[in-house]
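Everything below concerns the one structure shown next.
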Amino acid sequence: IKMKKNFLFTIAFAILFIGNFQKSSAQDMGATALVDPTSPMCATDSQIVVVTIMNYDAFTIDFAVTPVTVSVLVTGASTQTFTAAVNTGTLAAGATQDVTITNAAIMAASGVHNYDANTLVIGDLTPGNDAMATVNITVNPLPTVDIGPDSTQCGGTIVLDAGNSGSTFTWSNLDVTQTTTVSASSTYYVDVTDANSCAGSDTVIITINTVPTLTVTGNTTICGSGST
C-alpha cells in the first residue's frame, strides 16, 4: 500500500511538473493584422508601422520572462525590413496587442508595397500561425507643384499657376483657384490637394517695384550751346 501511495504521489508530481513546465516554457504567439499603414495612402518618408500580435496559448505570457520579436518585411515598390522586441508587460490568453515596429518606414515610391509580418518566440508551439496574411498597401504620389521662380519686375501684375487641374487650391492671398494674379511684393505660397487627398505645396518670392514717375515742367529756350 505504501509503495502504491508513493507511486501515485510520483505520478501526480510528474503531471504537475509537466503542466507547470509547459505553462512556463511553451508559447503560441502570432502576428494577426497590419494596423498602420492603411491603403490607399499618400507618399511619405516617415510612415509609422503598427502590427497586431495575438497570444494563442492557454496561458498568459510575461514578456519580461519570454520576450517576443515582431518582424516586418516590405516588398514590391520598396524593400525594407523592420523588427521590434516586446519585452515588457503581459498578454492574457487569447488577447491581442498592437506593437509599433517603426516610425520611419520609407513609403515615397508610388505603387504597391507588400507587407508581411511574423512573430518569433522561444518555445512556440505552433509556428504555422506566426505570420499574418500579406497586406498590399497602395501608395499614391504627391502632386508636383511649381508656381515658378522668384521674380522681380517694375509695376504691373504676375499670374501664378499651380497646375494640377481638378485639384483643390489654397493660396496665401486666400484665392482658391488654380491661378492667382498678384500685383504687390510678397512671398506667395499655395497648398494643392489632389483627387487622392494627397497634398503638395510651393512658395515664390515676388518683387514688384514702383515705376518711377518723371515730371517735366515749363518750356525752356536755349541759345547756342547753352544748357539748363
Side-chain angles (χ1 to χ4, degrees), residues 1-140:
I1 296 175
K2 184 176 181 180
M3 291 181 61
K4 184 176 181 180
K5 287 183 177 179
N6 289 340
F7 176 75
L8 293 175
F9 176 80
T10 301
I11 294 297
F13 178 79
I15 293 174
L16 180 64
F17 174 79
I18 292 172
N20 287 336
F21 176 78
Q22 288 180 335
K23 180 178 178 180
S24 61
S25 62
Q27 308 297 334
D28 191 6
M29 296 292 301
T32 61
L34 180 68
V35 179
D36 253 321
T38 58
S39 185
M41 61 171 289
C42 300
T44 178
D45 58 3
S46 57
Q47 174 62 44
I48 187 172
V49 177
V50 180
V51 172
T52 300
I53 62 174
M54 182 174 183
N55 180 7
Y56 289 106
D57 198 24
F59 303 101
T60 296
I61 182 173
D62 184 345
F63 295 125
V65 176
T66 309
V68 175
T69 300
V70 185
S71 299
V72 173
L73 172 64
V74 186
T75 57
S78 67
T79 301
Q80 304 171 79
T81 302
F82 306 102
T83 59
V86 184
N87 51 24
T88 60
T90 61
L91 187 61
T96 60
Q97 176 176 320
D98 292 344
V99 179
T100 299
I101 310 301
T102 181
N103 291 311
I106 299 174
M107 304 287 284
S110 58
V112 179
H113 301 244
N114 309 308
Y115 273 75
D116 289 285
N118 68 278
T119 59
L120 177 64
V121 59
I122 295 175
D124 195 338
L125 288 174
T126 313
N129 62 11
D130 290 354
M132 70 178 193
T134 300
V135 178
N136 301 319
I137 304 297
T138 299
V139 175
N140 294 313

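These numbers come from the heavy atoms of this one structure, side chains and all, not from hydrogens, waters or symmetry mates.
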- Test side-chain contact (heavy atoms from CB on, under 4.5 Å) on Thr138 and Met41 and set out the steps. CA-CA 6 Å; Thr138 299; Met41 61 171 289; over 6 Å; no

- Message: Side chains of Thr134 and Asp116: any donor to acceptor distance under 3.5 Å?
- Response: yes

- Find out whether Val86 and Gln97 are in side-chain contact, i.e. whether some heavy atom of one side chain is under 4.5 Å from a heavy atom of the other. yes

- Item | Heavy-atom pair with the smallest gap, counting every atom of Gln27 and Ile122 | CG-O, 3.7 Å

- Message: Side chains of Tyr56 and Thr126, heavy atoms from C-beta outward: is any pair under 4.5 Å?
- Response: no

- Message: Is the shortest side-chain heavy-atom distance between Ile61 and Asp28 below 4.5 Å?
- Response: no

- Message: Please give me the minimum heavy-atom distance between His113 and Ile106, naming the atom from each residue.
- Response: CE1-O, 4.5 Å

- Where do Thr100 and Ala84 come nearest, in terms of heavy atoms and distance? O-CB, 3.9 Å

- Do Val99 and Val68 come within less than 4.5 Å of each other through their side chains, counting heavy atoms only? no

- Below 4.5 Å, heavy atoms only, C-beta onward: do Thr83 and Val72 meet side chain to side chain? no

- Note on the structure: Note: Thr96 and Leu91 closest approach over all heavy atoms is O-CD1, 3.6 Å

- Message: Let me confirm one number: the CG-OG1 distance from Asn55 to Thr119, rounded to the nearest 0.5 Å.
- Response: 10.0 Å

- Query: Which heavy atom of Met107 sits nearest a heavy atom of Pro37, and at what distance?
  - Reply: CE-CG, 4.4 Å

- Note on the structure: So OG1 of Thr102 and CD1 of Ile48: to nearest 0.5 Å the spacing works out to 8.5 Å

- Query: Rounded to the nearest 0.5 Å, how far does CG of Asn87 lie from CG of Asp62?
  - Reply: 10.5 Å

- Note on the structure: When every non-hydrogen atom of Ala93 is compared with those of Asp57, the smallest separation belongs to CB-O, 3.2 Å

- Task: Any chance you could measure Leu73, atom CG, to Thr79, atom OG1, to the nearest 0.5 Å?
- Result: 7.5 Å

- Task: Could you grab the distance from atom CG of Asp45 to atom OG of Ser78, nearest 0.5 Å is fine?
- Result: 12.0 Å

- Message: Among Asn118, Val135, Asp36, Ile101, exactly one meets side-chain contact (heavy atoms from CB on, under 4.5 Å) together with Val51. Which residue is that?
- Response: Ile101

